[in-house]
Number of protein chains: 2
Amino acid sequence: MSGHHPARSRRATERKGDVRERAILDTCEALLAQKGYDAMTVGDIAQGAGITRGALYFYFGSKQEVVTALVARTVEHLWERSRATAQADEPRQAIAAAMQRTVELWNEHGLVMRTAIDLSLTVPEIGELWSHTADLFIAAITAVLERAGVEAGTEPEQASAMARALCWMIERTFYHASQESRENLQEASSTCEHIWLISAGLIT
Amino acid sequence: MSGHHPARSRRATERKGDVRERAILDTCEALLAQKGYDAMTVGDIAQGAGITRGALYFYFGSKQEVVTALVARTVEHLWERSRATAQADEPRQAIAAAMQRTVELWNEHGLVMRTAIDLSLTVPEIGELWSHTADLFIAAITAVLERAGVEAGTEPEQASAMARALCWMIERTFYHASQESRENLQEASSTCEHIWLISAGLIT
DNA sequence: ATTAAATTCGACGCCGTGTAGACTCTCCAG
DNA sequence: CTGGAGAGTCTACACGGCGTCGAATTTAAT
C-alpha cells in the first residue's frame with residue numbers, strides 16, 4: 001500500500017534490532033526444545049542468534065527476560081486466536097470447537113506453553129501471563145457450562161468452580177500428552193471433551 | 001537409588017550420620033518453604049543443618065540428590081497412608097474417603113508435593129517417583145469408576161483414560177489451592193469430588 | 001592401643017551470570 | 001564530506017554457586 005507520500009514512509013518499522021530480537025527469541029525456542037531451560041545458557045542463545053553474550057544483554061536484561069518475552073509472544077498469539085474463534089451457541093458445538101482449537105494450540109506451541117507452566121512459579125511475570133491466560137479459558141468454560149444449564153455461581157458445585165477444575169484438568173492432561181505424541185494429544189482431547197460434556201449434563 | 005553412597009546403614013542402631021541426614025532433609029524442607037528451590041543454596045542447607053558444605057557432600061552427591069531424598073521420604077509416606085486406607089466397597093463412600101485423604105495429604109505435605117511436581121521435568125528421578133505415585137492414584141480411580149459402572153478399557157471414553165484425566169485435574173487443582181489456604185483446599189476438594197461423582201455416573 | 005572406617009573441614013577449580021567500558025557502524029545535519 | 005549521536009557489538013572482569021580434593025579429626029572395632 002505504499003502510496004506516493006515522499007519521505008514519510010521509510011522502513012520505519014524494520015530496525016536491525018528487531019530482526020535480532022526475533023532471532024534471539026527463535027533461537028531460545030529452539031534451544032528450549034533441545035536442551036531445556038536449565039541446560040540452556042545465555043551463551044548458547046547468543047551463539048545461536050549469531051551474536052555474543054554481551055550483545056544479547058543489550059536486548060534483554062537477563063535469561064529470564066528472554067524467556068518471558070518468548071512466552072509473551074506466544075501467549076499473545078493464543079489470545080488472538082481465542083478472540084478470532086467464533087463462539088457457537090450450541091454448547092455441544094462450542095465444546096467440540098474449543099477442544100479442537102486447544103489441540104491445535106498445543107500442537108503448535110506445546111513446548112512454550114509447557115515451559116510457561118514450569119516457570120510460572122519461579123518467574124512471577126510468566127506466572128502472571130499464564131494465570132491471566134487461564135482466567136480467559138476459565139471464563140469461556142464457565143459460560144458454556146451456564147448455557148448448558150449448570151447453576152451459575154462460585155460455590156464448589158456451581159459453574160465457576162467446576163470450570164476452574166476442568167481448566168486445570170485440560171491443562172495438565174495436555175501438558176503430559178503433548179510430551180508424548182500427536183496421537184496422545186488427540187486421545188487426551190477426546191477424554192477431556194467427554195468429561196466436560198458429562199459435567200455439563202449434556203450426556204450421561 | 002543409584003550408586004554407592006557412604007552413609008548406608010549397616011547397623012540397625014542409630015548412627016550419628018542418620019541424625020545428620022534427617023537434619024539435612026528437615027532443613028531442606030524448611031528452606032524450600034522459605035526461599036524456594038532456586039534461591040536455596042547448598043550452603044544454606046548445610047548451615048541450617050549445622051555443618052559445612054563439604055560435610056554435606058559426604059551425605060549427598062548434589063543439591064538435586066538432597067531434594068530427591070526429601071521427595072522420596074514424603075512420597076513413601078503417601079504410599080504408606082494410601083495402603084493403610086481401607087478400600088470401601090460402595091463407590092460413593094470410596095470417593096468421599098479418597099478425597100478426604102487427599103485433603104489431608106496436601107495439608108500436611110503440600111509444599112514437598114508441589115516441589116516434586118515442579119522438579120519432575122528437570123530431575124528425572126523425581127519425575128519417576130511422582131509418576132509412579134500418580135499411577136497408583138490413577139489405578140485407584142480406575143477401580144472406583146469401573147465399580148460404578150463405567151466401561152473398562154483404555155479408549156478415550158473408558159475408565160482408564162478418564163481416571164487419568166481426573167487424576168491430573170485433582171493434582172492441578174490441589175496444587176493451586178494448596179498455595180492459597182486451607183479453605184480453598186476444602187472447596188477444591190468438594191468441586192473435584194463433584195466432578196468425579198458425575199463422571200462415574202453416580203449423580204446427574 | 002592400634003587401626004580402619006566414619007566424619008568434618010577449608011580451600012580450590014569450573015562454569016554461568018551479569019556488568020563495564022571501549023570500539024564500530026549507520027545515518028543525518030551542517 | 002564530515003563529525004557526532006545513538007544503536008549495536010565486542011572483550012574482559014567480578015561475583016557467586018556447585019562439586020571435588022586431600023588432609024585433619026573423631027568414632028568404633030579388634
Side-chain angles (χ1 to χ4, degrees), chain A residues 6-28 31-32 34-70 119 122-126, chain B residues 2-25 27-28 31-32 34-70 115 119 122-126:
Chain A
R8 200 67 207 114
S9 68
R10 284 183 45 97
R11 41 174 173 166
T13 47
E14 268 298 302
R15 301 198 35 137
K16 188 175 176 183
D18 295 337
V19 178
R20 282 265 188 264
E21 202 167 313
R22 238 177 324 173
I24 292 171
L25 259 38
D26 291 340
T27 304
C28 178
L31 287 175
L32 226 37
Q34 184 177 356
K35 326 179 67 169
Y37 179 78
D38 289 331
M40 172 185 69
T41 78
V42 176
D44 292 335
I45 304 175
Q47 186 175 5
I51 56 178
T52 62
R53 282 173 5 93
L56 188 146
Y57 279 100
F58 174 78
Y59 294 99
F60 298 97
S62 69
K63 180 180 173 181
Q64 292 191 346
E65 251 182 48
V66 176
V67 164
T68 302
L70 175 60
L119 296 179
T122 51
V123 186
E125 299 183 0
I126 292 182
Chain B
S2 67
H4 35 49
H5 279 306
R8 231 53 222 136
S9 60
R10 205 193 58 191
R11 261 190 185 236
T13 53
E14 277 268 315
R15 314 243 310 204
K16 191 175 178 185
D18 295 338
V19 179
R20 283 259 188 269
E21 201 167 315
R22 237 178 324 177
I24 292 172
L25 259 38
T27 305
C28 179
L31 286 175
L32 226 37
Q34 185 176 357
K35 327 179 66 169
Y37 179 78
D38 289 331
M40 173 184 70
T41 79
V42 176
D44 292 335
I45 304 175
Q47 187 176 5
I51 56 178
T52 61
R53 275 170 19 88
L56 189 145
Y57 277 99
F58 174 78
Y59 294 99
F60 298 97
S62 69
K63 180 181 174 182
Q64 291 191 346
E65 249 181 49
V66 176
V67 86
T68 301
L70 175 61
T115 53
L119 296 180
T122 51
V123 186
E125 300 183 359
I126 293 183

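Chain A is the first sequence line, chain B the second, and so forth, proteins listed ahead of strands; every chain is numbered from 1. All values reported here derive from a predicted model rather than from experimental measurement.
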In whole angstrom, what separates [X]'s [atom1] from [N]'s [atom2]?
| X | N | atom1 | atom2 | value |
| --- | --- | --- | --- | --- |
| Tyr59(A) | dG18(C) | OH | C1' | 18 Å |
| Tyr37(A) | dT17(C) | OH | C1' | 11 Å |
| Asp38(A) | dC15(C) | CG | P | 18 Å |
| Met40(B) | dG17(D) | CE | P | 13 Å |
| Ile24(B) | dT7(C) | CD1 | C1' | 12 Å |
| Gln64(B) | dG17(D) | CD | P | 17 Å |
| Glu21(B) | dT8(C) | CD | P | 11 Å |
| Phe58(A) | dG18(C) | CZ | C1' | 16 Å |

Any side-chain heavy-atom pair of [X] and [Y] under 4.5 Å:
| X | Y | result |
| --- | --- | --- |
| Phe58(A) | Arg20(A) | no |
| Leu32(A) | Leu70(A) | yes |
| Ile24(B) | Ile51(B) | yes |

Discussion item. Determine whether Val66(B) and Leu56(B) satisfy the following criterion, side chain to side chain contact (heavy atoms under 4.5 Å, CB included), listing intermediate values before the conclusion.
Written reply: CA-CA 9 Å; Val66(B) 176; Leu56(B) 189 145; 4.1 Å; yes
Fill in: Evaluation steps, side chain to side chain contact (heavy atoms under 4.5 Å, CB included), between Glu21(A) and Phe60(A)
CA-CA 9 Å; Glu21(A) 202 167 313; Phe60(A) 298 97; 3.6 Å; yes
Practice prompt. May I have the step-by-step check of side chain to side chain contact (heavy atoms under 4.5 Å, CB included) for Tyr59(B) and Glu65(B), ending in yes or no?
Written response: CA-CA 10 Å; Tyr59(B) 294 99; Glu65(B) 249 181 49; over 6 Å; no
Worksheet item: At under 4.0 Å, does any side-chain N or O of Tyr57(A) touch on OP1 or OP2 of dC10(D)?
Response: no
Worksheet item: Think Arg20(A) has a side-chain N or O under 4.0 angstrom from the OP1 or OP2 of dT9(D)?
Response: yes
Fill in: Residues within residues 44-55 of chain B bordering DNA chain D, heavy-atom distance below 4.0 Å
Arg53(B)
